[in-house]
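In what follows, a structure is listed as structure tokens, so that the remarks can point back to it.
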Amino acid sequence: MTSTLLDYATLRVVWWLIIGVLLIGFAVADGFDLGLGASFTYLGRTDAERRALLSSVEPVWEGNQVWFVLGGGAVFAAWPLLYAASFSGLYLAMFLLLVSLILRPVGFAFRGKLTDVRWRAVWDAALTLGGGVPALLFGVAFANLFLGVPFYFDGMQRPVVTGGFFSLLHPFALLGGIISLSMLVLHGNAYAAMKVGEPMAARACLIGRVASAVFVVAFAGAGLWVATSLGGYQITGAINHAGPSDPMHKVVAITAGAWLSNFRAWPWMWAAPVCAILGAVAAHALLYLRRGGGAFMASVVVQGGTILTGGFALFPFLMPSSTFPDQSLTVWDASSSAKTLSIMLGAVIVFLPIILAYTAWVFRVLRGRVTLENMHEHEGEY
Amino acid sequence: MIDFDVVTLSRLQFALTAMYHFLFVPLTLGLSMILVIMESVYVMTGRDIWKRMTKFWGVLFGINFAMGVATGITMEFQFGTNWAYYAHYVGDIFGAPLALEGLIAFFLESTFVGLFFLGWDKVSKIGHLIITALVALGSSLSALWILIANGWMQHPVGAHFNYHTMRMELSSFSEVLFNPVAQAKFVHTVAAGYVMGSIFVLSISAWYLLRGRNVDIAKRSMAVAASFGLACSISVVVLGDESGYLDGENQKMKVASIEAEWRTAPPPASFTLFGFPDVAARKTHAEIKIPWMLGLVATRSIDQRVLGIYDLVDRARSRIVLGIEAYSALQVLRAGPAETPDAAVLRRFEANQADLGYALLLLRFTDNPAAATPQQIDAAAWSTVPNVPVLFWSFRFMVGLGLFFIALFATAFYLATRHRFERHPWFLKLAFFSLPLPWIAIELGWIVAEYGRQPWVVDGVLPTFLGVSRTSAGNVWFSLLGFAVFYSTLAAVDAFLIVRTIRRGPDGLGYSP
């Protein structure tokens, strides 16, 4: 432990922040192509319109999706217990998520290869599912963290999960799904409003405004639910912030409204939900004014605000156990060793800025609107 | 306690998804390098045909790349969904290279691949070549990190067991990084991918030459594939020999099984060219042997022995006995106070913890390894022997194909330098019909490496059957069948598109002058 730059407790908090940054990076970067995918058959009525919409994300979506893959890898490296318990615990939901995400790379690559109408209709449906299903499932999964997941550890620390797919579909979880779907559809349509020509941009403004309204209602509703009746988890006894990662040495209580205790202790955290709501209102107004670029920036604020709101509420919980709340996974007792956390932190400090730099360069090269006129160069198969 | 249906189904699913993934990834590795070579020639000579070649092979690269990415998504998450105990037990070490793969390699590859296709008129000539090179670099780096992770499963260095957290933890990152098995696997696997890319280009070009289509593009493509493929196919075999040598040090059981060497022979051991391994009788019938060869390859000496299966099982038996010491000490430590462990018990645990994994093998035969009977210990010791006939034959076909590829490329190289492809249609036919062979060789290589690692998921540390998630067999049936149908459908579409693109050719796709 002496060889590490930061002490174990700080490293754990830093890694909680890094996972937060990766999640926000994922929502901001991949979120718009997921949201656009979910709604592009409505935004584009003819094949040319759809191709224009797809080509607005085609050169970048692949890189964007790495935020998700990297998120998975980072959770594995930094919170192996969380990676193990959550993915095996949400088994069928994960299967559904993987299948729908797989539809995207093949959809993008295969759709344009044939001009046949039915062929393209199949891949249009695949891309719609590939955008919409993950957008919905992310929220369902995130909301399940608030509800607690039915798991515990056996004598050899093997995570045992009870409860199946449908137990995930609690009304609060569905509300979470609506929040994430509307949030990403807003993001995708703000992007389309900024990035593609008419008549798709006008339709995107409309869908984006509907999505932002749905988001505000669902987000506020979830907040109200959390504040009043939903049981929140809290560590009541002592816990060693720098102890070995063994989630069996703490006492956890469930009380209604406890998910807001962090906001009561640190009122500055209210900035996150306020940003989410104000960002959505601003995006709505800017889309009404046909200011796609501004709306996209406002939508970025919505993504960050929403994810931070969820993270702040849950902290220090990563995944509460509804079976044995005392065995819940928290920032303090589910992480990798200090050595692994500190080596990986070094790698993130070096490589994340490089990634951001070349991603920014790629977006700069691709700047400009995709219109029906400049699509004609790519007529037919490509 | 352990649901062996879940174990079998999870293993089947992992094999299915990994082998599907491995149909596409080596071709991505190989084609991306070939695209860099072709585009470099374009940038250096300014001759347009090389740009059209890059674009045409790029179309095929793109179809294949999408499938590699699609099937790779499953791999990143499957350790959590189906191998939860594995993920917990070794995540402290194994998770890091996986995350670094995303951070350093996959991001690079995926961010620039879009510009490879759609950036031809958006950046300068040199700029586009750099983009292509970054895509190729990203895919090879990606293989490096994945094989560092895989190399650790084959030869787990730089780690120790922490009884507080009940898992393996990192002691030395540089040992994991510079694991000799990982380095050997990396060069062998990447070179195999380059060979696959070269044969792909060689075969399809041969088909065009046989039909007299796209002759200019096909001849140049063949020359590139022949020279690159020759260098890489020699590397695969030479560096595969290097893996054999390392296996000799670290995974003696794998070598003994590949050789069906039941009894230790006096050094230098001979290489069994042919024979029929008989698992029930624990001997090999009708052997044809090459004297000295195995001893030379596996130990690089004439006086060191290559241990046979019987002797290795004896070793496993004694390690199981020591492992039981570690296991029972661990139970006492876990039951006692975490802060103030009994010093004598702790010493007993630490003295034997290197063999803890061997005691875990007993969980297949008893719920209480601490009280295992000699019969159970014997059964566990024999369970360390992988499937001998499968390894024996897989290895021989793989090596045979590797040697055939060298001959194929050497001939192609000779004909290319003499500009004589047209005069030898037999060779063009041979090259065309060789198209499926690199896939067979590469999948056999996967079987030798990973099936040969059984019964361990991490060699000597964690048995495979223990690594699974405690989920229901019904769940895994559902996902296994789902992946089988879904992947097969996508692979069929992928094959259809690749064949269609090849049939249309550079002339049909507008890449002819």
Side-chain angles (χ1 to χ4, degrees), chain A residues 55 58-63 65-66 69-70 72-74 76-78 80-81 83-88 91-92 94-95 98-99 101-106 108-110 113 154-161 164 244-246 249 336-337 339-340 343-344 347-348 351-352 355 358-359 362 365-366, chain B residues 62-63 65-67 69-71 73-74 76-77 79-82 84-85 87-88 91-96 98-104 106-108 110-115 117-119 122-123 162 164-167 169-170 173 338 469-471 475 478-479 482 486 490 493-494 497 500-501:
Chain A
S55 39
E58 204 161 5
V60 294
W61 80 270
E62 201 119 34
Q65 180 156 288
V66 183
V69 175
L70 179 59
F76 198 175
L81 274 170
Y83 176 88
S86 64
F87 292 170
S88 64
Y91 191 87
L92 292 175
M94 278 301 291
F95 174 73
L98 293 177
V99 167
L101 283 174
I102 287 170
L103 287 171
R104 277 152 47 84
V106 289
F108 276 106
F110 293 175
K113 293 285 183 285
D154 72 5
M156 284 189 67
Q157 208 100 316
R158 302 205 316 161
V160 184
V161 180
S245 286
D246 179 358
H249 300 290
S336 285
S337 63
K339 190 171 194 118
T340 298
I343 289 168
M344 292 305 297
V348 168
F351 288 101
L352 201 58
I355 290 169
Y358 63 61
T359 305
V362 167
V365 168
L366 295 165
Chain B
I63 299 170
F65 183 84
M67 286 297 286
V69 171
T71 52
I73 296 171
T74 311
E76 183 87 9
F77 295 90
F79 300 109
T81 52
N82 290 75
Y85 195 56
H88 155 65
D92 195 58
I93 305 119
F94 188 85
L98 232 57
L100 290 171
E101 189 264 346
L103 198 61
I104 297 171
F106 193 40
F107 241 120
L108 190 68
S110 301
T111 304
F112 286 105
V113 76
L115 275 189
F117 292 108
L118 303 157
K122 290 191 167 66
V123 291
N162 180 346
H164 290 294
T165 53
M166 283 294 281
R167 68 181 181 195
E169 290 187 358
L170 188 67
F173 188 61
S469 303
R470 283 196 58 173
T471 185
N475 273 352
F478 181 77
S479 59
F486 184 52
L490 290 182
V493 177
D494 175 80
L497 282 176
R500 188 172 181 278
T501 308

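Letters A, B, ... mirror the listed sequences (proteins, then strands); counts begin at 1. The shown structure was predicted, so the numbers you read here are calculated from the model rather than taken from an experiment.
Atom OG of residue A:Ser245 and atom NE2 of residue B:His88 lie 9.5 Å apart, to the nearest 0.5 angstrom. Note: B:Leu490 CG to A:Phe110 CZ = 6.5 Å, rounded to the nearest 0.5 Å. In this structure, CZ on A:Phe87 lies 8.5 Å from OG1 on B:Thr81, to the nearest 0.5 angstrom. Interatomic distance, A:Met344 CE to B:Leu170 CG, rounded to the nearest 0.5 Å: 11.0 Å. For the atom pair CG (B:Leu98) and OH (A:Tyr83), the distance works out to 6.5 Å, reported to the nearest 0.5 Å. Of the inter-residue distances, the one linking A:Leu70 atom CG with B:Leu103 atom CG reads 5.5 Å to the nearest 0.5 angstrom.
The most heavy-atom pairs under 4.5 Å with chain A, out of B:Asn162, B:Ile93, B:Leu115, B:Val123, come from B:Leu115. Listed options B:Gly91, B:Gly62, B:Gly80 were ranked by heavy-atom pairs under 4.5 angstrom with chain A; first place goes to B:Gly80. Of the listed residues (A:Met94, A:His249, A:Glu62), the greatest number of heavy-atom pairs within a distance under 4.5 Å of chain B belongs to A:Glu62. Ranked by non-hydrogen atom pairs under 4.5 Å with chain A, the options B:Phe117, B:Phe65, B:Phe79 are led by B:Phe79. Highest contact tally toward chain A, considering only B:Thr471, B:Val69, B:Asn475, B:Ile73, is held by B:Asn475 [criterion: heavy-atom pairs under 4.5 Å]. Taking A:Val161, A:Asp246, A:Val362, A:Leu366 one by one and counting their heavy-atom pairs under 4.5 Å with chain B, the maximum is reached by A:Val362. Note: B:Ser110 leads B:Gly482, B:Ala96, B:Ala84, B:Ser110 in heavy-atom pairs under 4.5 Å with chain A. Residue with the most contacts toward chain B among A:Pro59, A:Pro80, A:Ala347, A:Pro159: A:Pro59 (heavy-atom pairs, distance under 4.5 Å). In terms of heavy-atom pairs under 4.5 Å with chain B, the best-connected choice from A:Thr359, A:Leu103, A:Leu98 is A:Leu98. Annotation: maximal heavy-atom pairing with chain A below 4.5 Å, among B:Thr71, B:Ile63, B:Leu108, occurs at B:Leu108. Your options are A:Val99, A:Val348, A:Leu101, and the one with the most heavy-atom pairs under 4.5 Å with chain B is A:Val99.
With contacts defined as side-chain heavy-atom distances shorter than 4.5 Å, the pair A:Val106/B:Val493 does not qualify. Looking at heavy atoms from C-beta onward, B:Leu100 lies out of side-chain contact with A:Phe351 at the 4.5 angstrom threshold.
When each of A:Pro244, A:Ser337, A:Ser336 is paired with B:Thr165, the side-chain contact (heavy atoms from CB on, under 4.5 Å) condition holds for A:Pro244 and for no other.
Pairing each heavy atom of B:Ala99 with each of A:Ala74, the nearest pair is CB-N, 3.9 Å. Counting all heavy atoms, side chain and backbone alike, A:Lys113 lies closest to B:Arg500 at O-NH1, 3.5 Å.
Of the atoms belonging to B:Leu497, it is side-chain heavy atoms, and not backbone ones, that fall under 4.5 Å from chain A. Contacts of A:Val60 with chain B are absent, with no heavy-atom separation under 4.5 Å from either backbone or side chain. For chain A, the nearby part of B:Glu169 is the side chain; its heavy atoms alone come within less than 4.5 Å. In this structure, the portions of B:Phe77 lying under 4.5 Å from any heavy atom of chain A include both its backbone and its side chain. With a threshold of 4.5 angstrom between heavy atoms, B:Phe112 approaches chain A through side-chain atoms but not through N, CA, C or O. The contact between B:Thr74 and chain A is made by backbone and side chain atoms together, counting heavy-atom distances below 4.5 Å.
Judged by distance alone, with hydrogens and angles left aside, the side-chain atoms of A:Thr340 form a donor-acceptor pair with the main-chain N or O of B:Asp92 at under 3.5 Å. Between the side chain of B:Tyr85 and the backbone N or O of A:Met156 there is at least one donor-acceptor pair closer than 3.5 Å.
Ring geometry, B:Phe94 versus A:Phe76: the interplanar angle falls from 30° to 60°, so the pair is classed tilted.
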| task | Given side-chain contact (heavy atoms from CB on, under 4.5 Å), test B:Phe478 with A:Tyr91 step by step and report yes or no. | result | CA-CA 10 Å; B:Phe478 181 77; A:Tyr91 191 87; over 6 Å; no
